[in-house]
There are 2 protein chains.
Amino acid sequence: MNQHIHPMLSAFEVVAEPNRRRILDLLREGQRPVGDLVDRLGLTQPTVSKHLRVLKDARLVDVEQDAQRRLYRLRPEPLVELDSWLAPYRELWSRRLDALERHLDTMADEPPAPTRRSPAPKRRKR
Amino acid sequence: MNQHIHPMLSAFEVVAEPNRRRILDLLREGQRPVGDLVDRLGLTQPTVSKHLRVLKDARLVDVEQDAQRRLYRLRPEPLVELDSWLAPYRELWSRRLDALERHLDTMADEPPAPTRRSPAPKRRKR
DNA sequence: CATCTATATGCCTTGACAGGCATATAGATG
DNA sequence: CATCTATATGCCTGTCAAGGCATATAGATG
């Protein structure tokens with residue numbers, strides 16, 4: 001029996017792979033056997049099984065055995081890490097969008113300006 | 001002059017790299033020159049510059065030149081993609097946590113049960 | 001202009017992952 | 001038990017990213 005150490009990826013890395021995102025998206029609709037995923041994804045069965053392995057190691061899915069079939073079910077909890085990291089940024093971009101709106105409102109009255117940056121704020125030394 | 005095609009990573013992939021997340025986190029506090037980041041991150045300057053290149057290509061940062069220095073500034077907008085993908089899952093895990101709460105409330109009255117799964121719901125054929 | 005400073009880029013090595021293909025494993029069925 | 005079905009795993013290969021090191025580039029300064 002070979003050990004084959006699987007390094008265990010972070011939620012960030014797991015989700016960086018587009019096909020794994022698709023798998024999670026499918027599992028959002030409910031649990032599915034592997035063959036089902038294979039059909040929908042158009043990937044080979046081994047490929048899907050390997051992605052599922054990664055997802056399972058990252059605790060993003062659960063498996064339930066049904067005879068020879070394995071039913072995979074979504075476990076969204078690990079995504080909380082992603083969401084927490086993202087939270088402070090969410091605030092930033094919504095502020096930005098607000099600012100943009102206000103800017104556009106103002107602009108409506110003003111004449112079109114040349115496409116330059118702000119008036120060159122004196123460079124600092126070091 | 002060498003072309004050196006940089007394949008342009010998705011926001012997901014960009015953010016999968018821990019050091020790049022740290023860079024973004026630092027830039028959240030305001031714009032910084034490269035040297036600053038080098039000091040704070042304990043990475044070599046070329047390494048940092050390369051990460052910044054990736055971040056710039058993904059439009060996650062802006063550069064402003066200040067003599068020999070380059071001031072990097074955060075641009076959170078591309079993270080919206082990440083957030084949108086995440087949104088439906090956010091719903092799921094909050095439901096789950098609610099369910100857990102309710103469950104724990106109920107449990108308070110019931111006798112402790114053996115650590116088995118639900119009563120083996122008859123397996124389906126295919 | 002010689003030199004210093006700040007940063008970018010090029011080349012190279014190493015390690016890892018994704019997928020292809022073959023095969024192992026385990027339950028079902030006659 | 002022989003065979004079929006569903007899935008997992010192993011091996012191999014191509015690809016590519018991350019970082020180390022050296023060097024190029026560009027502005028500053030005397």
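Without hydrogens or angle criteria, Tyr89(A) side chain to Val80(B) main chain gives no donor-acceptor distance under 3.5 Å. Remark: the backbone N or O of Val63(A) is not paired with any side-chain donor or acceptor of Arg70(A) at under 3.5 angstrom. Judged by distance alone, with hydrogens and angles left aside, the side-chain atoms of Glu13(B) form a donor-acceptor pair with the main-chain N or O of Ser10(B) at under 3.5 Å. A distance-only check finds a donor-acceptor pair linking the side chain of Arg21(A) to the backbone of Val15(A) [under 3.5 Å].
For Arg20(A), taking side-chain heavy atoms from C-beta onward, the closest of the listed nucleotides dT7(C), dA18(C), dA18(D) is dA18(C). Comparing dG27(D), dG19(D), dG19(C) by their closest approach to the side chain of His51(B) singles out dG19(D). Nearest to the side-chain atoms of Val34(B) among the listed nucleotides dT9(D), dA8(C), dG27(C) stands dA8(C). Picking from dG20(D), dG27(D), dT7(C) the nucleotide with the shortest atom distance to the side chain of Thr44(B) gives dG20(D). Considering only side-chain atoms of Asn19(A), the nucleotide from dT7(D), dA28(D), dG19(C) that sits closest is dG19(C). The nucleotide whose nearest atom lies closest to any side-chain atom of Pro46(A) is, among dG19(C), dT7(C), dA8(D), dA8(D).
In this structure, Leu43(A) atom CG and dC21(C) atom P are separated by 13 Å, rounded to whole Å. A straight line from NE2 of His6(B) to C1' of dT15(D) spans 16 Å, rounded to a whole angstrom. Spacing between atom CZ of Arg32(A) and atom P of dT7(D) amounts to 13 Å, rounded to whole angstrom units. In this structure, Leu9(B) atom CG and dT15(D) atom C1' are separated by 14 Å, rounded to whole Å. Nucleotide dT5(D) holds its P atom 17 Å from the CZ atom of Arg70(A), rounded to whole Å. Whole-Å rounding puts the Arg69(B) CZ to dG27(D) P distance at 15 Å. Distance CG (Asp36(B)) to C1' (dT5(C)): 15 Å, rounded to an integer number of Å. Across the protein-nucleic acid pair, Lys50(A) atom NZ and dT13(D) atom C1' stand 12 Å apart, rounded to whole Å.
Residues Leu24(B) and Trp85(A) form a side-chain contact, since some pair of their non-hydrogen atoms from C-beta on lies under 4.5 Å apart.
Under 4.0 angstrom from either OP1 or OP2 of dT9(C) there lies at least one side-chain N or O belonging to Arg53(B). Put simply, Ser49(B) has no side-chain N or O that comes within less than 4.0 Å of OP1 or OP2 on dT9(C). Put simply, Tyr72(A) has a side-chain N or O that comes within less than 4.0 Å of OP1 or OP2 on dA8(D).
Inspection of the Ser84(A) and Glu81(A) side chains reveals no N or O donor paired with an N or O acceptor under 3.5 Å.
When each of Arg69(B), Arg73(B), Arg75(B) is paired with Glu64(B), the salt bridge (Lys or Arg N to Asp or Glu O under 4.0 Å) condition holds for Arg73(B) and for no other.
Heavy-atom distances to DNA chain C give each of Gln45(B) and Met8(A) a nearest nucleotide, and the one nearer the 5′ end belongs to Gln45(B).
On a pure distance criterion of 3.5 Å, no polar donor-acceptor pair joins the side chain of Glu17(A) and the base of dA18(C).
Salt bridge status for Asp25(A) with Arg28(A): present, with a side-chain N to carboxylate O gap under 4.0 Å.
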Intra- and interstrand pairs of DNA chain C - dot-bracket, Watson-Crick/G-U under 3.5 Å, | marks other strand: ||||||||||||||||||||||||||||||

